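Structure record follows, encoded as structure tokens.
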Amino acid sequence: MTLAVDPSNTDEYALTPTELARLREKAQFIRLETIRLIEIAKVGHYTSVFSAAELFAALYYDVMSLRHGEPKWPLRDRFMMGKGHAAVGLFPVLVEWGFFDKEILDGYTRLGNPLGDHPDMRKVPGVDFSSGSIGHALSGGLGMAMAGRMLGQDFTTFVMLGDGEMQEGQVWEAAMAASHHKVGSLVAIVDRNGFQLDGSVDDVIGVEPLADKWRAFGWDVHDVDGHDLAALTPLLRRIKAEKGREKPVCIIAQTLKGKGVSYMETEPGWHLGYLDPEDAQRAIDEIKSKVI
């Protein structure tokens with residue numbers, strides 16, 4: 001395998017203070033927009049977005065190759081979410097990329113609006129895969145990555161998975177197939193926030209040792225603090241820059257469900273809910289007061 005970069009050298013991928021500040025602002029923007037949009041819908045998945053806000057920020061505002069206003073650009077990097085219930089945090093980002101108008105965003109979940117609780121690739125420009133039924137996204141990402149290789153298109157396919165999703169057999173079928181077919185352009189990101197709808201992931205069905213399992217399936221595995229943009233973003237930059245890689249890559253992002261709002265970080269029940277005006281303002285004030 002020939003690498004375009006030395007994988008042991010991360011300094012050349014380090015963020016400047018300006019870049020780091022910008023990505024932190026974008027993660028904050030994603031959290032605040034999530035609260036605003038769920039106010040329209042009257043119910044939504046706050047904490048699932050908050051654990052992934054830095055992941056969204058690093059990918060969409062730094063790492064992924066995209067073109068403003070061109071959601072169907074053939075050489076764009078692909079992104080899909082197994083945890084499709086976090087789409088409310090992605091939609092504002094797609095608006096900033098010019099993929100659809102803010103007026104559509106402001107009508108989130110209203111009758112006739114294309115934006116629902118889960119992403120629909122048939123209705124929402126910039127969404128590469130319809131998700132919400134857990135377990136299918138890695139298979140879809142593998143198919144896209146293999147198609148890109150067959151067509152000679154040099155793009156990277158990123159798939160964000162929930163850690164509860166590791167309980168789905170189809171995830172491991174896709175993982176096995178990806179390593180067998182040497183699809184090095186496929187990058188899985190596990191949002192390891194420790195909780196799923198029914199409670200603690202490790203209480204429902206334990207998934208550890210997670211890193212060892214992915215390695216046993218033939219993947220390169222990296223463990224990172226999923227909220228530390230100074231560590232997460234250089235890792236993603238380096239992985240994207242590697243050329244000729246044969247092994248697919250899994251990033252296990254250690255995150256905190258509800259990150260950024262203290263009373264959500266300690267209460268698993270916020271997987272799905274609705275904030276009354278007083279609690280919403282408390283959440284907004286806390287998010288604005290912090291630099292994560």
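Please read these numbers as outputs of a predicted model, since none were measured by experiment. For the numbers below, each heavy atom of this structure counts, side chains included, while hydrogens, waters and symmetry mates do not.
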Inset, instruction - List the atom of Ser185, the atom of Thr156, and the distance in Å for their closest heavy-atom pair. - result: O-CG2, 3.4 Å
Inset, instruction - Apply ring pair (Phe, Tyr, Trp, His ring centres under 6.0 Å) to the pair Phe79 and Phe129, showing each step before the final yes or no. - result: CA-CA 8 Å; Phe79 175 78; Phe129 188 74; over 10 Å; no
Inset, instruction - Working to the nearest 0.5 Å, report the span between NZ of Lys213 and CD1 of Ile252. - result: 10.5 Å
Legend entry - Heavy-atom check, side chain of Thr16 versus side chain of Leu20, under 4.5 Å: no
Inset, instruction - Answer yes or no: is there a donor N or O on one side and an acceptor on the other, between the side chain of Lys247 and the main chain of Gly184, under 3.5 Å? - result: no
Legend entry - Ion pair check, Lys288 and Asp285, cut-off under 4.0 Å: no
Legend entry - Value rounded to 0.5 Å, distance of CZ in Phe29 from CZ in Arg36: 8.0 Å
Legend entry - N/O donor-acceptor pair under 3.5 Å between Thr233 side chain and Ala58 backbone: no
Inset, instruction - May I ask you to decide whether Glu19 forms a salt bridge with Arg24, counting only side-chain N to carboxylate O separations under 4.0 Å? - result: no
Legend entry - For the student: nearest non-hydrogen atoms of Val171 and Met166, plus distance: CG1-CE, 4.1 Å
Legend entry - Exam field: side chain Glu208 to backbone Leu210, donor-acceptor pair closer than 3.5 Å: yes
Legend entry - Whether Trp97 and Phe99 hold their rings parallel, tilted or perpendicular, with breakpoints at 30° and 60°: parallel
Legend entry - For Asp279 against Asp276, the heavy-atom pair lying closest together: N-OD1, 2.8 Å
Legend entry - Distance-only side-chain donor-acceptor flag, Glu39 / Tyr274, under 3.5 Å: yes
Inset, instruction - Kindly indicate whether the side chain of Val95, heavy atoms from C-beta on, has any atom under 4.5 Å from the side chain of Glu103. - result: no
Inset, instruction - Verify the cluster assignment for Val49 and Leu55: are they in a single hydrophobic cluster under the rule of side-chain heavy atoms below 4.5 Å apart? - result: yes
Legend entry - Option from Val224, Asp191, Val190, Asp225 for which side-chain contact (heavy atoms from CB on, under 4.5 Å) with Thr255 holds: Asp191
Legend entry - Check: Ile104 main-chain N/O paired with Asp101 side-chain donor or acceptor under 3.5 Å: no
Inset, instruction - Check the side chains of Glu286 and Ser262 for a donor-acceptor pair under 3.5 angstrom, ignoring hydrogens and angles. - result: yes
Inset, instruction - Scan residues 134-176 for pairs that pass ring pair (Phe, Tyr, Trp, His ring centres under 6.0 Å), counting only residues two or more places apart or in two chains. - result: Trp172-Trp214, Trp172-Phe217
Inset, instruction - Determine, step by step, whether Ser139 and Gln170 satisfy the side-chain hydrogen bond (donor to acceptor under 3.5 Å, both in side chains) criterion, reporting the C-alpha distance in whole Å, the side-chain angles of both residues, the deciding distance to 0.1 Å, and the verdict. - result: CA-CA 8 Å; Ser139 296; Gln170 187 173 335; 3.0 Å; yes
Inset, instruction - Report yes or no: is the cationic atom of Lys26 (NZ for Lys, CZ for Arg) closer than 6.0 Å to the six-membered ring centre of Tyr61, at no more than 45° off its axis? - result: yes
Legend entry - CG-CG distance between Leu229 and Leu23, expressed to the nearest 0.5 angstrom: 5.5 Å
Legend entry - Between CD1 on residue Ile38 and CG on residue Asp117, distance to nearest 0.5 Å: 8.0 Å
Inset, instruction - Give a yes or no answer on whether the side chain of Tyr60 reaches the backbone of Glu96 with a donor-acceptor pair at less than 3.5 Å. - result: no
Inset, instruction - Looking only at non-hydrogen atoms, find the nearest pair between Ser65 and Trp73 and report the distance. - result: O-CZ3, 3.7 Å
Legend entry - Glu165 side chain vs Gly135 backbone, donor-acceptor pair below 3.5 Å: yes
Legend entry - Side-chain donor-acceptor pair present, Asp163, Gln196, cut-off under 3.5 Å: no
Inset, instruction - Report the distance from atom CG of Leu256 to atom OG1 of Thr47, rounding to the nearest 0.5 Å. - result: 9.5 Å
Inset, instruction - Spell out, yes or no, whether Val43 and Phe195 are grouped together once hydrophobic residues are joined by side-chain heavy atoms under 4.5 Å, including indirect joins. - result: no
Inset, instruction - Specify the closest pair of heavy atoms between Phe50 and Lys259, including all atoms of both residues, with the distance to one decimal. - result: CB-O, 3.4 Å
Legend entry - Any side-chain heavy-atom pair of Pro119 and Val124 under 4.5 Å: no
Inset, instruction - Taking all heavy atoms of Pro125 and all of Phe100, pick out the closest pair and write down the distance. - result: O-CD2, 3.7 Å
Legend entry - ILVMFWY cluster, Val63 and Leu186 together (side-chain gap under 4.5 Å): no
Legend entry - Aromatic plane relationship, His45 with His118 - under 30° parallel, 30 to 60° tilted, over 60° perpendicular: perpendicular
Inset, instruction - Taking Ser131 for its side chain and Met81 for its backbone only, find out whether a donor-acceptor pair lies under 3.5 Å. - result: yes
Inset, instruction - May I have the step-by-step check of salt bridge (charged side-chain N to carboxylate O under 4.0 Å, His left out) for Arg215 and Asp220, ending in yes or no? - result: CA-CA 6 Å; Arg215 290 190 184 98; Asp220 281 337; over 6 Å; no
Inset, instruction - Salt-bridge test for Arg192 and Asp202: reply yes if a basic N is under 4.0 Å from a carboxylate O, no otherwise. - result: yes
Inset, instruction - Spell out, as yes or no, whether a donor-acceptor pair under 3.5 Å connects the side chain of Trp270 to the backbone of Glu265. - result: no
Legend entry - same_hphob_cluster(Leu59, Leu138) at 4.5 Å side-chain heavy-atom cutoff: no
Legend entry - N/O donor-acceptor pair under 3.5 Å between Arg245 side chain and Ile239 backbone: yes
Legend entry - Cluster overlap Leu272 with Phe91, hydrophobic side-chain contacts below 4.5 Å: no
Inset, instruction - Supply the atom-to-atom distance Gln28 CD to Glu33 CD, rounded to the nearest 0.5 angstrom. - result: 11.5 Å
Legend entry - N/O donor-acceptor pair under 3.5 Å between Arg238 side chain and Leu235 backbone: no
Legend entry - pair Asp120-Val127: side-chain heavy atoms closer than 4.5 Å: no
